[in-house]
There are 4 protein chains.
Amino acid sequence: MSGVNKVIIVGRLGKDPEVRHLENGASVANFPVATSETYKDRNTGERKEQTEWHNVVLWRGLADVAEKYLNKGDMVYIEGKLRTRSWEKDGITRYTTEIVGDNMTMLSPKGSNDGGQSTGGSMSSSASQQEQNVASTPAGDIALEDESDDLPF
Amino acid sequence: MSGVNKVIIVGRLGKDPEVRHLENGASVANFPVATSETYKDRNTGERKEQTEWHNVVLWRGLADVAEKYLNKGDMVYIEGKLRTRSWEKDGITRYTTEIVGDNMTMLSPKGSNDGGQSTGGSMSSSASQQEQNVASTPAGDIALEDESDDLPF
Amino acid sequence: MSGVNKVIIVGRLGKDPEVRHLENGASVANFPVATSETYKDRNTGERKEQTEWHNVVLWRGLADVAEKYLNKGDMVYIEGKLRTRSWEKDGITRYTTEIVGDNMTMLSPKGSNDGGQSTGGSMSSSASQQEQNVASTPAGDIALEDESDDLPF
Amino acid sequence: MSGVNKVIIVGRLGKDPEVRHLENGASVANFPVATSETYKDRNTGERKEQTEWHNVVLWRGLADVAEKYLNKGDMVYIEGKLRTRSWEKDGITRYTTEIVGDNMTMLSPKGSNDGGQSTGGSMSSSASQQEQNVASTPAGDIALEDESDDLPF
DNA sequence: TTTT
DNA sequence: TTTT
C-alpha cells in the first residue's frame, strides 16, 4: 500500500537549530517552529492566539542550510512528512511526532536577525533525501547542487 | 503572529472510528490512519515498506460522516492541522500529536467493506469548524449543509 | 463524484490588488503573484531563475484585507483552488486559469512597502467562502469575524 | 527570490494518457483530470456539482507509470506545480496552465478498468525530476528506482 | 492498527 | 473529457 503524508507549515523558529554531524558525513538539524492562529473566544468574545509547536528535523543539505542561515525568530516555510518516533525513558515508552522536512523556504529578510542586510527576500532549498552539496553565492543565495533540479519544468 | 499549519494525508483506517457525542451536542470521531511509503534498503537492495500511523480527530459534521460511512480499511483523504496535546499519567506528562481534520474525501468504493454497492466512487466533505448538518441523499452522497458552500467559486 | 483541488503558493505581488465592489455588496480582488525557483542549466551549468505568474482572486473579506494591506512587492502565502474560466474575444474562446484563494497569510514585514514599521511579522486571514467582516485591531492585526473560527481546535 | 508553487489534486482521468517518447529518451504523459465539488445553489436550494478540469503533465518515470497503469476513469492523487505556457495560433498568443506532477498515487483499485483484480489498493510513485527507472514487481507494485528514496526518514 |  |  502507499499513500500521502504531507505537512506544510509557515512559522517562526523558537530556538536556533541544533545541528549534529554524523560519522557517515550526514548532518541533522533539529529546531522547534511555532505556528499560531487567532480565534475568538466563544464566551468572552476576546481575540485569542493559539500557538502550536512543531519539532522540525532536516537532513543533509537542508541541515547545512539551516545551520548557516536559520536563527531563532526567523520565519520559514517547511514542507515535509510526519514521523512519530518512540523512545524509552525510565522504562516508559514515549512518543514524539516530528516533521521531517524535504523542502524549505526562508521567509525572513536576510540579515534581519544579525544586523546584516535589511531589504526583504527569501531563500529556498529543496531536497530529495539524497546527497546534496550546498553552494552559497556571494549574494547570499542558497541552492542545493542537486541533479534533480537541472530542469525547470 | 500567524502562520500556516496544514497536513494532508491519504491512507487507510486502522480501526473503525470511535465517536463520542458530547453534552453540548457536538460529536467527535477518533481513528488511526496509516500512510506507507516504499523505499529500497540501502544495504540489501530490498524493497521495504515504512508505515506511519496518524491519529485523526474529526468534529461535528465530519465526525457524523465518519461514524456513518467510514470503516476500518477504508482509504481516505484527510486535510487538517497538527495539534499536540499533553496529558498526565502516573504523574508523567505525555504528548500526543493529532491531525484535526477540516476536510475529508472518502476514496474507497462505496460498500466495499460491508457488502453494499460495488462500483467505485468517492465522497467528499468539508468543514469550517462550525455547526454542520449532515445530509445523505438517496444515492448515498454526502454533504454538509453549510452556508459556506453556497457558491462554487 | 468529489475530489481535491488545492493550490498553495508563496510569492510576491506583481501589482497592487485591483478590487471591485459588486452591487450585491461583495468585493473581489485580483492580483498577480510570482513564484520563482532556481535551477541549474543543464548545458551551461549556470544558475537560472524560472518565474511563474499566478492570477489570484480573492472574494469578500479576503478581498477587503487585500485592498487594505497588500501592495505590489509584498510576499504572501495563498491557499486556494484552481479555476479555469473561458471568455470570448474577437470570436475566439480563450482560457484563463486562476487561483481562487480561501486562505491568506501576509509574510512581508508590516509597513515594509510604505515607510511604516520595520520589524517582521505576518498576518493571517482565512475564509470559508461565506460572509465575512473584517476587523483591524489598533495593532494592525487582521481577522475575519467569522463564526467558523470560534474554536481553536 | 524564491517561493512555493504547489498543487494537489485528487480526481479522475477524463481520457487515457497520451505519452510521447522524446528523442533524448525522456517520455512525457499528458492527460486531463477532473475534480468536482458539490455545492448548494443559493436560489433553488438544489445540490449542484461543479467540475474543474486540470491538464496534467508527467515526465520520465512518472510518464512511464501513467502509460502502463493509468486509464480513463481512474482516480489519482497528483502533486506538482503550476506552469503556464504560451503558444501561438493564427497569430494569436494563447495560454495554457498545466500541472507538472512530481508525485502521483493511484487510487483506483487495480484492474478496475480492465477486468483484472477487484479488491482495492493504491500505488504510489514519486519523482524528483531526475532520471528514473520504473520497476514493476510481479504483484504489480510500482516503484521508481531512485537513489533518493533509499532512506525512509 | 490498515492495505497490497 | 471523468465519476456518482
Side-chain angles (χ1 to χ4, degrees), chain A residues 1-5 84, chain B residues 9-18 30-38 47-56 69-76 78 105-113 116-124 136-143, chain C residues 1-5 84, chain D residues 9-18 30-38 47-56 69-76 78 105-113 116-124 136-143:
Chain A
M1 209 248 323
S2 276
V4 173
N5 173 1
T84 299
Chain B
I9 58 171
V10 174
R12 291 187 186 277
L13 276 74
K15 295 182 185 172
D16 286 347
E18 287 179 12
N30 287 270
F31 52 89
V33 169
T35 58
S36 52
E37 73 179 301
T38 299
R47 279 273 136 208
K48 290 194 175 172
E49 188 175 88
Q50 170 105 345
T51 296
E52 194 64 38
W53 285 97
H54 309 270
N55 301 308
V56 173
Y69 300 103
L70 282 184
N71 295 107
K72 176 177 173 176
D74 283 351
M75 184 170 285
V76 282
I78 302 270
T105 294
M106 298 165 71
L107 299 171
S108 285
K110 292 176 193 172
S112 59
N113 287 292
Q117 303 161 259
S118 58
T119 40
S122 78
M123 291 176 286
S124 184
S136 174
T137 73
D141 198 15
I142 294 171
Chain C
M1 209 249 322
S2 275
V4 174
N5 173 1
T84 299
Chain D
I9 59 172
V10 175
R12 290 185 186 278
L13 276 75
K15 294 182 185 173
D16 286 348
E18 287 179 12
N30 287 271
F31 53 89
V33 170
T35 58
S36 52
E37 74 180 300
T38 299
R47 279 274 134 207
K48 289 195 175 171
E49 187 174 271
Q50 170 105 345
T51 297
E52 193 65 38
W53 286 97
H54 309 271
N55 300 309
V56 173
Y69 299 102
L70 280 185
N71 295 107
K72 176 178 173 174
D74 284 351
M75 184 172 285
V76 282
I78 302 270
T105 295
M106 299 165 71
L107 300 171
S108 285
K110 292 176 193 173
S112 59
N113 286 292
Q117 302 161 260
S118 58
T119 41
S122 78
M123 292 176 284
S124 184
S136 173
T137 72
D141 198 14
I142 293 171

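Chain letters run A, B, ... following the sequence lines, proteins first, then strands; residues in each count from 1.
Contact of B/T51 with E/dT2 (side chain to base): a donor-acceptor pair of N or O atoms is detected under 3.5 Å.
Straight-line distance from the CD atom of B/E37 to the P atom of E/dT3: 20 Å, rounded to whole Å. Following rounding to the nearest Å, D/K48 (NZ) and F/dT4 (P) show an atom-to-atom distance of 22 Å. Atoms CH2 (B/W53) and P (E/dT1) sit 9 Å apart, rounded to a whole Å. Atom CE in D/M106 sits roughly 20 Å away from atom P in E/dT3 (whole-Å rounding). Following rounding to the nearest Å, B/N71 (CG) and E/dT3 (P) show an atom-to-atom distance of 11 Å. Going from atom CD of D/E49 over to atom P of F/dT2 covers 12 Å, rounded to whole Å. When the P atom of F/dT2 is taken as reference, atom CD of D/E18 falls 15 Å away, rounded to whole Å. Rounded to an integer number of Å, the gap from D/R47 CZ to F/dT3 P is 22 Å.
With sequence neighbours left out, B/K48 forms a salt bridge (charged side-chain N to carboxylate O under 4.0 Å, His left out) with B/D41. Qualifying side-chain contact (heavy atoms from CB on, under 4.5 Å) partners for B/D16, counting only residues two or more places apart in sequence or in other chains: B/N71, B/K72.
At least one side-chain heavy atom of D/M75 sits under 4.5 Å from a side-chain heavy atom of B/L107. D/V76 has its side chain out of reach of D/V56: every pair of non-hydrogen atoms, C-beta onward, lies at least 4.5 Å apart.
Here the side chain of B/P32 is nearest to one of F/dT1, E/dT1, E/dT3, namely E/dT1. Distance from the side chain of B/K15 is smallest for E/dT1 among the nucleotides F/dT2, E/dT1, E/dT3.
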